[in-house]
Amino acid sequence: MSKQPVRVRFAPSPTGYLHVGGARTALFDWLFARKHNGTFILRIEDTDIERSSEEMTRGILDAMTWLGLHWDEGPYMQSAGFDQHRDAVSKLLESGHAYHCFCPPELLEQKRKEAAARKTDFKYDRICLRLAPDEVKRCLENEQRAAVRFKVPDGSVSFEDAVVGEVTISSETIEDFVLLRSNGQPTYHVSVVVDDIEMRITHVIRGADHISNTPKQILLYRALGAPIPVFAHIPLILGPDKTRLSKRHGATSVMAYQEQGILPEAMRNFLALLGWSPGTDQEFFEDDELIRAFSLEGISKANAVFNPEKLAWFNAQYIARLPHERLVPYLKPEYIKAGLWRDSLEREDAGWFRSLVDLYRPRAKVLQDFPKLSRFFFLDHVEYDQAAVDKFLKDEKVRGYLRTLADRLEALPEFSHHSLEAAVRSLADELGVKPAALMNPARVAITGQAIAPGLFDVMILLGRDKTVKRLRI
RNA sequence: GUCCCGUUCGUCUAGCCCGGUCUAGGACACAGCCCUUUCAAGGCUGCAGCACGGGUUCGAAUCCCGUACGGGACGCCA
């Protein structure tokens, strides 16, 4: 099977948004496909019609697109294959791998409850397997509602999981699971297996929560006479309380992170390292590096706790080092939202904007920080932080210093970092104060805040006129 | 209750397959110091871990067994 071209699929069910766990599975699928020049297929498992919605499907597609996980085929809708799934069940019925079951679901439900009360487990008791053929026929003719169950053969099922290693499960513990509901709808197991066969999936890479489904599915592959793919079950992502990540743990939707100002690059890099390791100390990966380094062997067997702080760190790092051309498309919408955008920023003021962005790169944690922190550059009126004013601008003497400084700056032959620094320092010297005693108030006067990037950088970017004007308060 | 899987710093992990090179390496977070005009960024240092118990071996984080703990699955959900 390794000779076959690699085909992997990501198969989310549209009963919720794409959460970080699903996103990581998708990422691993995608990486594996790319690594082996294979095909990455997106298949929406919408067979649970009641709980599935088109809106969720849309959301999943959007999240995948945002993450940059482009699929080569699909999205296929699993529901489109109902007929095929049903055909497969018929074949299994004919070949004796499956049988009709007339047990009312309520009865089974009750038996399960009783078993639970007795602290034992209930496995379908095969009552209908013992039905004589003509009895079955009569029931069917009477239009009795019938489900179809798989006849689990004796023995045990084992498979070599690419992550976990050999897994063996005794047939004793597998019940005769339902293939076709009494309403004629195929169940999940049939649908996945038939679709995976149909789509010639070579590697099934999915969450570890599917590990106990795998023996059932392998049984189906065998009964249908189809080649069995390689299985790779990746460990789950847990919340801080070490239970499976869910809504309870706060933001788990991938798109929620987009809204928070996280870069897809950072998310991808972070997710890649959650449960997978290149075996080296490398932390930052461009896509092509990641594809090259990725392998199933590097996937860890143990569950991983989702650590938002590390994601935040990756984000800050990516903001700091992403090339300007790649960063601006993320920044523009944020400036628009903040009402600070003007088209000249990507035309005549592009150079200015670039310098401004560079000023905030090491300071921004999320994209929104850029407009938030650089706001004073864009407004005509300074929005003063009261605490900062109280601390640095209350003293009339200090305000006098700033006015003097304004005069000096106005008269400067050139408005450069060097000349500004010299001017400030010499004035401080003349006044017999520390440079900081001049700079801190100046910062508040110019930016309105006690916290800002380097004062001279700010002055230059703001321009001489505005700087001088703001110093005269 | 049954079955399956897992267990290295608080967290993500390297090392485990091919026992000695591990006084267990890196990263996040945290603390301190340096740089410094504020804030960040950056640099340096520190804190902190092989779940436990047996075995095998000259030697075990690494191999074997058991225990504990954690997770997952047991549906006419996917």
Side-chain angles (χ1 to χ4, degrees), chain A residues 11-15 45-48 50-52 78 101 103-105 108-109 112 115-123 145-149 161 163-165 167-170 172-175 177-183 185 187-189 191-192 207-215 233 235-236 238 240 242-244 270 273-283 297 300-314 316-317 320 360-365 369 373 388 392 421 424-425 428 434-440 442-444 447 449-456:
Chain A
S13 67
T15 53
E45 313 250 281
D46 59 343
T47 34
D48 186 353
E50 273 101 75
R51 294 197 303 149
S52 298
Q78 185 154 67
C101 173
C103 296
L108 298 173
E109 183 60 27
R112 273 193 197 92
R118 268 182 283 120
K119 299 232 184 234
T120 59
D121 61 325
F122 172 77
K123 197 175 97 175
R145 290 172 70 81
V148 175
R149 284 182 186 274
D161 189 282
V163 172
V164 173
V167 177
T168 303
I169 294 180
S170 160
E172 308 273 306
T173 64
I174 308 173
E175 79 169 355
F177 52 99
V178 171
L179 300 174
L180 197 70
R181 300 183 180 92
S182 47
N183 67 6
Q185 260 190 38
T187 61
Y188 164 74
H189 291 295
S191 297
V192 227
D209 48 339
H210 285 291
I211 203 158
S212 45
N213 288 330
T214 308
H233 289 97
L236 301 178
L238 311 178
K242 309 238 180 174
T243 63
R244 200 169 162 178
F270 167 73
L273 260 18
L274 237 199
W276 173 79
S277 162
T280 65
D281 286 342
Q282 186 175 354
E283 294 248 63
E297 289 76 52
S300 104
K301 298 179 205 286
N303 293 165
V305 173
F306 180 76
N307 181 354
E309 283 166 339
K310 192 146 187 180
L311 171 61
W313 175 78
F314 267 114
Q317 292 291 324
Y360 286 97
R361 278 174 181 273
R363 280 163 250 263
K365 303 276 173 255
D369 284 343
L373 300 174
F392 293 108
E421 177 148 19
V424 168
R425 289 193 186 276
K434 284 189 203 161
L438 224 46
M439 296 172 79
N440 289 327
R443 179 176 303 107
V444 178
T447 70
Q449 309 286 321
I451 295 169
L455 183 61
F456 307 123

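All chains are named by letter (A, B, ...) in the order of the sequence lines, taking the proteins before the strands, and each is independently numbered beginning at 1. As a basis for the values below, the full set of heavy atoms in this structure was taken, side chains included, without hydrogen atoms, waters or symmetry mates. Only a predicted model underlies this, so the values are computations on that prediction, with no experimental measurement involved.
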Starting from [atom2] on [N], measure out to [atom1] on [X] and report it in whole angstrom.
{"X": "A:Gln282", "N": "B:C28", "atom1": "CD", "atom2": "P", "answer": "15 Å"}
{"X": "A:Glu109", "N": "B:G75", "atom1": "CD", "atom2": "P", "answer": "9 Å"}
{"X": "A:Asn440", "N": "B:U37", "atom1": "CG", "atom2": "C1'", "answer": "6 Å"}
{"X": "A:Lys119", "N": "B:C3", "atom1": "NZ", "atom2": "C1'", "answer": "17 Å"}
{"X": "A:Asp209", "N": "B:C4", "atom1": "CG", "atom2": "C1'", "answer": "13 Å"}
{"X": "A:Lys242", "N": "B:G70", "atom1": "NZ", "atom2": "P", "answer": "11 Å"}
{"X": "A:Phe306", "N": "B:A27", "atom1": "CZ", "atom2": "C1'", "answer": "16 Å"}
{"X": "A:Leu373", "N": "B:A41", "atom1": "CG", "atom2": "P", "answer": "13 Å"}

Give [X] one of three labels, base, sugar-phosphate or nothing, depending on what nucleic acid heavy atoms sit under 4.0 Å from its own.
{"X": "A:Ala450", "answer": "base"}
{"X": "A:Gln317", "answer": "sugar-phosphate"}
{"X": "A:Ala452", "answer": "base"}
{"X": "A:Asp46", "answer": "nothing"}
{"X": "A:Thr168", "answer": "sugar-phosphate"}
{"X": "A:Thr243", "answer": "sugar-phosphate"}
{"X": "A:Leu273", "answer": "sugar-phosphate"}
{"X": "A:Gly207", "answer": "nothing"}
{"X": "A:Arg118", "answer": "nothing"}
{"X": "A:Arg112", "answer": "sugar-phosphate"}
{"X": "A:Pro105", "answer": "base"}
{"X": "A:Ser182", "answer": "base"}
{"X": "A:Pro278", "answer": "nothing"}
{"X": "A:His210", "answer": "base"}

So does [Y] get a backbone contact from the side chain of [X], meaning a donor-acceptor N/O pair under 3.5 Å?
{"X": "A:Thr173", "Y": "A:Ile169", "result": "no"}
{"X": "A:Asp161", "Y": "A:His233", "result": "yes"}
{"X": "A:Thr187", "Y": "A:Leu180", "result": "no"}

Taking the [atom1] atom in each of [N] and [M], what is the distance between them to the nearest angstrom?
{"N": "B:U56", "M": "B:G43", "atom1": "C1'", "value": "48 Å"}
{"N": "B:U2", "M": "B:C18", "atom1": "P", "value": "34 Å"}
{"N": "B:U11", "M": "B:A29", "atom1": "C1'", "value": "8 Å"}
{"N": "B:C12", "M": "B:A61", "atom1": "P", "value": "22 Å"}
{"N": "B:C76", "M": "B:C16", "atom1": "P", "value": "44 Å"}

Which nucleotide in the list [options] gets nearest to the side chain of [X]?
{"X": "A:Phe456", "options": "B:U37, B:C12, B:A29", "answer": "B:U37"}
{"X": "A:Glu309", "options": "B:C28, B:C3, B:A78", "answer": "B:C28"}
{"X": "A:Ile451", "options": "B:U37, B:A78, B:C39", "answer": "B:C39"}
{"X": "A:Val167", "options": "B:C5, B:C76, B:G10", "answer": "B:C5"}
{"X": "A:Leu455", "options": "B:A78, B:U37, B:C76", "answer": "B:U37"}
{"X": "A:Trp313", "options": "B:A73, B:A27, B:U11", "answer": "B:A27"}
{"X": "A:Ser277", "options": "B:U2, B:C4, B:A14", "answer": "B:A14"}

Closest heavy-atom pair and its distance - [X], [Y]:
{"X": "A:Tyr360", "Y": "A:Leu373", "value": "OH-O, 3.2 Å"}
{"X": "A:Pro278", "Y": "A:Leu273", "value": "CD-CD1, 4.2 Å"}
{"X": "A:Asn303", "Y": "A:Pro235", "value": "ND2-CB, 3.5 Å"}

Do [X] side-chain and [N] base share a donor-acceptor contact under 3.5 Å?
{"X": "A:Asp281", "N": "B:A27", "value": "no"}
{"X": "A:Lys365", "N": "B:A40", "value": "no"}
{"X": "A:Thr187", "N": "B:C76", "value": "no"}

Please determine, for [N], whether a Watson-Crick or G-U wobble partner exists with both distances under 3.5 Å, and give it or none.
{"N": "B:C30", "result": "B:G46"}
{"N": "B:A73", "result": "B:U2"}
{"N": "B:U7", "result": "B:A68"}
{"N": "B:U62", "result": "none"}
{"N": "B:U36", "result": "none"}

**Item:** Sidechain N-carboxylate O distance under 4.0 Å for A:Arg112, A:Asp121
**Value:** no
**Message:** Is it the case that the ring center of A:Phe177 lies less than 6.0 angstrom away from the ring center of A:Tyr188?
**Reply:** no
**Neighbour count above 12 (heavy atom, 6.0 Å) for A:Glu172 CD** = no
**Asked** Hey, which of these two, A:Leu274 or A:Leu236, hits RNA chain B nearer its 5' end, going by closest nucleotide?
**Response** A:Leu274
**Of A:Glu175 and A:Ile211, the one whose closest RNA chain B nucleotide lies more 5'** = A:Ile211
